[in-house]
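Values in this document were obtained by computation on a predicted structure and should not be read as measured data. Both backbone and side-chain heavy atoms feed into the values below; hydrogens, waters and symmetry mates do not.
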Amino acid sequence: QVQLVESGGGLVQAGGSLRLSCAASGRPFSSYGVGWFRQAPGKERECVATISWSGGSTYYADSVKGRFTLSRDNTKNTVYLQMNSLKPEDTAVYYCAASARARSWGMVPTTTAAYDSWGQGTQVTVSS
């Protein structure tokens with residue numbers, strides 16, 4: 001399995017921006033599909049965005065479409081989630097996750113059960 005470490009969370013005012021990073025180690029990262037999930041208190045963990053192993057395909061949940069941008073640099077084993085126009089409802093712990101099976105499926109899943117490796121999470125708090 002690949003090991004993942006998120007960074008970049010923090011406190012920001014509504015309308016502000018943050019960039020989260022997910023750094024991988026342990027296995028060749030370029031063969032993994034990656035998803036970003038978030039979990040707010042009392043709510044289920046939800047997928048906000050995914051990116052394919054090559055970076056050529058992305059998915060965004062409707063709630064973040066047009067505001068969040070996912071990219072990856074496989075030479076640095078890192079995936080980035082740029083979050084703009086943040087809203088208080090974006091407040092959550094954000095997790096990145098890697099799926100080794102995504103490539104064999106030809107798509108990156110949005111369900112938590114499909115992911116093999118998870119980071120520890122980073123808190124994002126958006127004040128109104």
Side-chain angles (χ1 to χ4, degrees):
Q1 288 186 345
V2 66
Q3 288 76 50
L4 305 173
V5 177
E6 303 97 335
S7 61
L11 173 64
V12 64
Q13 289 187 333
S17 298
L18 284 173
R19 189 177 81 157
L20 305 184
S21 299
C22 174
S25 62
R27 298 292 295 272
F29 197 42
S30 59
S31 63
Y32 286 78
V34 174
W36 278 94
F37 293 75
R38 67 186 181 187
Q39 188 166 20
K43 294 188 177 181
E44 292 187 355
R45 192 170 297 190
E46 63 171 349
C47 181
V48 296
T50 67
I51 189 165
S52 63
W53 40 97
S54 66
S57 177
T58 54
Y59 156 85
Y60 299 96
D62 288 343
S63 58
V64 306
K65 198 172 294 183
R67 301 188 296 121
F68 290 13
T69 303
L70 194 51
S71 61
R72 68 188 296 164
D73 184 343
N74 285 336
T75 65
K76 297 182 178 179
N77 288 339
T78 303
V79 171
Y80 305 98
L81 182 66
Q82 179 67 43
M83 306 186 297
N84 298 329
S85 302
L86 283 162
K87 305 175 181 180
E89 51 263 44
D90 294 319
T91 295
V93 178
Y94 283 70
Y95 300 89
C96 69
S99 172
R101 294 166 286 176
R103 193 168 188 173
S104 65
W105 293 333
M107 53 82 71
V108 185
T110 59
T111 55
T112 58
Y115 286 82
D116 316 294
S117 303
W118 290 84
Q120 82 289 351
T122 185
Q123 177 71 47
V124 171
T125 303
V126 184
S127 63
S128 57

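A heavy-atom distance below 4.5 Å is found between the side chains of Val79 and Leu70. Contact annotation: the side chain of Ser31 never approaches that of Trp53 to less than 4.5 Å [non-hydrogen atoms, C-beta and beyond]. Considering only heavy atoms from C-beta on, Gln1 stays 4.5 Å or farther from Arg27 through its side chain. In this structure the side chain of Met83 reaches within 4.5 angstrom of the side chain of Leu20, judged on heavy atoms. A 4.5 Å side-chain heavy-atom check between Tyr80 and Thr69 finds every atom pair outside the cut-off.
The backbone N or O of Ala92 sits nowhere less than 3.5 Å from a side-chain atom of Gln39 that would complete a donor-acceptor pair. Looking only at distances, a side-chain donor or acceptor of Arg72 sits under 3.5 Å from a matching main-chain atom of Phe29. Of the possible donor and acceptor atoms, none in the side chain of Tyr115 sits under 3.5 Å from a partner among the backbone N and O of Cys96. Gln120 places a side-chain N or O within 3.5 Å of a backbone atom of Glu6 that can act as its donor or acceptor partner. Using modelled atom types, no side-chain atom of Glu46 and backbone atom of Arg38 make a donor-acceptor pair closer than 3.5 Å. Under a 3.5 Å cut-off, the side chain of Ser117 and the backbone N or O of Val2 do form a donor-acceptor pair.
Residues Tyr32 and Leu4 are members of one and the same hydrophobic cluster, defined by side-chain heavy-atom contacts under 4.5 angstrom among Ile, Leu, Val, Met, Phe, Trp and Tyr. Tyr60 and Val124 fall within a single hydrophobic cluster, where Ile, Leu, Val, Met, Phe, Trp and Tyr are joined by side-chain heavy atoms under 4.5 Å apart, directly or via other members. Cluster annotation: Val108 and Val64 are assigned to distinct hydrophobic clusters (Ile/Leu/Val/Met/Phe/Trp/Tyr, side-chain heavy-atom contacts under 4.5 Å, transitive). Tyr59 and Phe37 fall into different hydrophobic clusters, where Ile, Leu, Val, Met, Phe, Trp and Tyr are joined by side-chain heavy atoms under 4.5 Å apart, directly or via other members.
Here the CG atom belonging to Leu11 is positioned 9.5 Å from the CD atom belonging to Gln123, to the nearest 0.5 angstrom. The distance from the CG atom of Asp73 to the OG atom of Ser30 is 11.5 Å, given to the nearest 0.5 Å. The OG atom of Ser71 lies 8.5 Å from the CG atom of Leu81; values are rounded to the nearest 0.5 Å. Ser99 contributes atom OG, which lies 9.0 Å from atom CE of Met107 (distance to the nearest 0.5 angstrom).
Atom CD of Gln13 sits in a sparse spot, with 12 or fewer heavy atoms from other residues, nucleotides or ligands closer than 6.0 Å.
Relative to the six-membered ring of Tyr95, Arg45 meets both conditions, a distance below 6.0 Å and an angle of at most 45° to the axis.
A salt bridge is absent between Lys87 and Asp90; no separation between the charged side-chain nitrogens and carboxylate oxygens falls under 4.0 Å.
The heavy-atom pair separating Leu18 from Gly8 by the smallest distance is CD2-O, 3.8 Å. What you find for Thr50 and Cys47 is that their closest heavy atoms are CG2-SG, 3.5 Å.
Classification of the Phe68-Tyr94 ring pair by plane angle, with boundaries at 30° and 60°, yields tilted.
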